[in-house]
Amino acid sequence: MHRKRIVVTLFLFLAFFCVLTGCEAPEEGGERGKDWDYTVVPTADIPQEFLKEIDSKKLNAFQMSYQEAEYLYIAVGYGEQSSGGFNIKVVGLYEKGTTLCFETSLNGPGEDQVVSEKASYPYIVVKTHKSDKEVKFLT
């Protein structure tokens, strides 16, 4: 019985710790931490090794990060979409406890927008300074 109580106590402690250090979107009641500076990276400037990995995963939704020298690259893809005209908005890149939160949203084409009927694979890559923080994705 004593052992069960210890296990339950440890579980509750870990759950509480995760709640304190995890990310939550501001609209869910959490406050954003310190904003981080970032730059959206054009395809031509994405490190080749990282770009190959993105290309191999872009058919499905993905979330990845990649460190090179002094930079951290963070990528989010939304998988195959039925047409062109989609874009990704960066809602924020910010600290939350021991994590770095990357929040994005996918926006579809406008009603009057002329788009290609060909499938598209929208993704975005941002670059920021190197960090040892764990990246958490909010989409």
Side-chain angles (χ1 to χ4, degrees):
M1 189 67 168
H2 180 67
R3 185 176 183 167
K4 185 176 180 181
R5 188 175 299 156
I6 290 173
V7 170
V8 169
T9 303
L10 283 174
F11 176 78
L12 291 173
F13 175 77
L14 286 173
F16 181 71
F17 179 78
C18 289
V19 167
L20 287 178
T21 61
C23 301
E24 29 179 307
E27 55 272 5
E28 294 174 358
E31 283 189 36
R32 284 167 56 140
K34 176 185 164 201
D35 285 331
W36 276 42
D37 291 331
Y38 65 89
T39 304
V40 175
V41 182
T43 303
D45 295 340
I46 298 171
Q48 286 300 309
E49 185 177 322
F50 194 39
L51 184 58
K52 285 179 187 175
E53 194 173 342
I54 290 169
D55 283 339
S56 73
K57 295 184 179 193
K58 72 180 181 182
L59 293 174
N60 300 303
F62 67 85
Q63 303 167 333
M64 300 185 298
S65 61
Y66 175 83
Q67 290 205 48
E68 178 184 78
E70 69 226 47
Y71 297 109
L72 169 64
Y73 294 85
I74 305 170
V76 170
Y78 283 82
E80 183 174 347
Q81 303 299 315
S82 59
S83 69
F86 287 85
N87 63 67
I88 300 170
K89 176 185 176 191
V90 176
V91 177
L93 179 63
Y94 52 92
E95 291 181 14
K96 183 80 170 186
T98 60
T99 58
L100 183 60
C101 301
F102 185 51
E103 188 174 353
T104 60
S105 65
L106 178 65
N107 300 311
E111 288 182 30
D112 298 335
Q113 186 177 354
V114 177
V115 297
S116 166
E117 295 300 318
K118 193 174 172 185
S120 64
Y121 308 90
Y123 67 86
I124 191 167
V125 177
V126 299
K127 176 173 83 171
T128 189
H129 58 277
K130 192 173 183 175
S131 172
D132 291 332
K133 292 183 177 288
E134 175 188 357
V135 177
K136 183 159 185 179
F137 297 87
L138 302 169
T139 55

*Asks:* Under 4.5 Å between side-chain heavy atoms, counting indirect links through other Ile/Leu/Val/Met/Phe/Trp/Tyr residues: same cluster for Trp36 and Val135 or not?
*Replies:* yes
*Asks:* So with a 6.0 Å cut-off around CD of Gln113, is the heavy-atom count from everything else above 12?
*Replies:* yes
*Asks:* Are any of the side-chain heavy atoms of Leu59 and Tyr121 separated by less than 4.5 Å?
*Replies:* yes
*Asks:* What distance separates Lys57 NZ from Gln63 CD, expressed to the nearest 0.5 Å?
*Replies:* 11.0 Å
*Asks:* Taking the side chain as every heavy atom from C-beta outward, state whether Ser56 and Ile54 have any pair of such atoms under 4.5 Å apart.
*Replies:* no
*Asks:* Are the side chains of Lys58 and Asp55 in contact, using a 4.5 Å heavy-atom criterion?
*Replies:* yes
*Asks:* Could you tell me which residues satisfy ring pair (Phe, Tyr, Trp, His ring centres under 6.0 Å) with Phe50, sequence neighbours excluded, listed by chain and number?
*Replies:* Tyr66
*Asks:* Going by distance alone, is a donor N or O of one side chain under 3.5 Å from an acceptor N or O of the other, for Tyr78 and Thr139?
*Replies:* no
*Asks:* Would you kindly confirm whether Val40 and Leu51 end up in one hydrophobic cluster when ILVMFWY residues are joined by side chain heavy atoms under 4.5 Å apart?
*Replies:* no
*Asks:* Can you tell me how far apart CZ (Phe137) and CZ (Phe62) are? Round to the nearest 0.5 Å.
*Replies:* 9.5 Å
*Asks:* Mind checking whether Thr104 and Leu138 have side chains closer than 4.5 Å, heavy atoms only?
*Replies:* no
*Asks:* Flag the pair Pro109 / Phe86 as yes when at least one side-chain heavy-atom distance between them is below 4.5 Å, and no otherwise.
*Replies:* yes
*Asks:* Nearest 0.5 angstrom please: Ile46 CD1 to Tyr73 OH, how far?
*Replies:* 9.0 Å
*Asks:* I'd like to check Val126 versus Phe102 (side-chain heavy atoms, cut-off strictly below 4.5 Å). Are they in contact?
*Replies:* yes
*Asks:* Please list all pairs meeting salt bridge (charged side-chain N to carboxylate O under 4.0 Å, His left out) that have one or both residues in residues 33-47, counting only residues at least two apart or in different chains.
*Replies:* Arg32-Asp35
*Asks:* Taking Lys118's backbone N and O only, do any of them form a donor-acceptor pair with Ser116's side chain (distance below 3.5 Å, no angle check)?
*Replies:* yes
*Asks:* Under a 4.5 Å cut-off applied to non-hydrogen side-chain atoms, are Asn107 and Ile88 in contact?
*Replies:* no
*Asks:* Consider side-chain contact (heavy atoms from CB on, under 4.5 Å). Of Ile124, Val76, Ile74, which one does Val90 pass it with?
*Replies:* Ile124
*Asks:* Quick one: does Leu100's side chain get under 4.5 Å of Leu72's, heavy atoms only?
*Replies:* yes
*Asks:* To the nearest 0.5 Å, what is the distance between CD (Gln48) and CD (Glu53)?
*Replies:* 13.0 Å
*Asks:* Keeping to residues at least two apart or across chains, list the side-chain hydrogen bond (donor to acceptor under 3.5 Å, both in side chains) pairs with something in residues 123-135.
*Replies:* none
